[in-house]
Amino acid sequence: MTGRVLITGGAGFIGSHLAKKLVSAGVQVGILDNFDDFYSPQTKRQNIKGLRARLFTADIRAPEAVHAAASEGWDAIVHLAALAGVRPSIASPRSYIETNVTGTLNVLEAARSAGIGQVVFGSSSSVYGASGKGPFKESCPLPATLSPYAATKVAGEHLCSVYNHLHGIRCIVLRFFTVYGPGQRPDLAISKFTRSILEDQPIQLHGDGSSHRDYTHVSDIVAGISAALGYRKTSYEVFNLGSGHRITLAKLVETLEQIIGKKALIKQLPAQAADMLETWADITKTKTMLGYAPSARLKDGLAEFVRWAQQRIS
């Protein structure tokens, strides 16, 4: 892969892994990030330390700054910048709308103004909401979202469709399913559970542990994004990026216990109203059209993550 790619949110978890992959493949990379303090800005700066990339310290809510960054001759934008998290979005819905919806509009407007022909948009499995039992296909109706965060991602997908229709920008929407791996955000289950077990602190387990998640290693997500950047056959598509497998929350805890060699202390809490009972990706379309072939086994990926977390704690 060659060319010039601007990554919004490029200092974050997924963005920094993607940036490193693209740079190593000879791509000229730009990173636009505001180093939001949802979690440590220093961690994000460390993620991209020494990386040969053009850095724009800017907020996607500021249209002038986004336009300035986009005007430097990029072939594509990978739009990953967002306020993330289902539960925090309940407490601060307006912030999520401003960042994830208005910010996405600013990115698309900047792409249109700068003549950038392709935008890859990082969406979420959260959009499936109350769609019922998986595996979820991209063609599945989206009858009801369960959180402001999910609603903002649906809105972002629709904005991409509009800008494809009106302005001819090729827009590829990627629905990420519970991404994990070294550098994962500290607010997510695998990060929190691992740290709690290592430090002999109780895990806060919402619900009875029977909810299912499709955990997807960040290396497979990066491979999927890279394939989307090279996709040219149609002008608008939605693809699931998941592992195609699911496990229960209880089984996840049990697997971490086995890897770490310690029993978890469990603090049982009520289920959260905004949490989906199941995420599970049907990846048939992504395999067929993008050549996507996720290869990370969950137990191996969790063991890798535990080793990374142990180094950070020690």
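Predicted model only: the values in this text are computed from it and were never measured.
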Between [Y] and [X], is there a salt bridge with N-O shorter than 4.0 Å?
X      : Y      : result
Glu278 : Arg213 : no
Glu257 : Lys262 : no
Arg87  : Asp187 : no

How about Phe239 and Tyr231: are their ring centroids closer than 6.0 Å?
yes

Only counting residues at least two apart or in another chain, list the ones meeting side chain to side chain donor-acceptor pair (under 3.5 Å) with Ser139.
none

Contacts of Ser40 meeting side chain to side chain donor-acceptor pair (under 3.5 Å) (sequence neighbours excluded), chain-then-number -> Thr43

Any residue meeting side chain to side chain contact (heavy atoms under 4.5 Å, CB included) with Thr255, in chain and number order, not counting sequence neighbours:
Lys251, Ile259, Lys299, Leu302

Which ILVMFWY residues are connected to Tyr236, directly or by a chain of links, through side-chain heavy atoms under 4.5 Å apart?
Phe121, Val173, Val238

Smallest heavy-atom separation, Ser126 atom then Val86 atom, equals OG-CG2, 3.8 Å

Shortest non-hydrogen pair, Phe38 vs Ala84, comes out as CZ-O, 3.7 Å

Has Lys137 got more than 12 heavy atoms of other residues, nucleotides or ligands less than 6.0 Å from its NZ?
no

Roughly how far apart are [X] [atom1] and [Y] [atom2], rounded to 0.5 Å?
X      : Y      : atom1 : atom2 : result
Ile7   : His17  : CD1   : NE2   : 12.0 Å
Glu254 : Thr248 : CD    : OG1   : 8.0 Å
Cys140 : Asp282 : SG    : CG    : 10.5 Å
Ser226 : Leu22  : OG    : CG    : 5.0 Å
Tyr215 : Gln184 : OH    : CD    : 9.0 Å

Assess, by modelled atom type and distance only, whether the side chains of [X] and [Y] contain a donor and an acceptor separated by less than 3.5 Å.
X      : Y      : result
Gln268 : His206 : no
His79  : Thr8   : yes
Glu98  : Ser95  : no
Asn164 : Ser235 : yes

Decide side chain to side chain contact (heavy atoms under 4.5 Å, CB included) for Val120 and Leu229; before the verdict, give the C-alpha distance in whole Å, the side-chain angles of both, and the deciding distance to 0.1 Å.
CA-CA 7 Å; Val120 177; Leu229 280 168; 4.0 Å; yes

Residue pair Pro182 / His217, side-chain heavy-atom distance below 4.5 Å
yes

Pairs where residues 127-136 contributes a residue and the test side chain to side chain donor-acceptor pair (under 3.5 Å) is met, not counting sequence neighbours
Tyr128-Arg175, Tyr128-Asn240

Determine, for Phe35 and Arg45, whether the Lys NZ or Arg CZ falls below 6.0 Å from the six-membered ring centre while staying within 45 degrees of the axis.
yes

Inter- and intrachain pairs under salt bridge (charged side-chain N to carboxylate O under 4.0 Å, His left out), touching residues 105-117, at least two apart
Glu109-Arg112

Please answer whether the main-chain N or O of Ile169 pairs with a side-chain N or O of His167 as donor and acceptor at a distance below 3.5 Å.
no

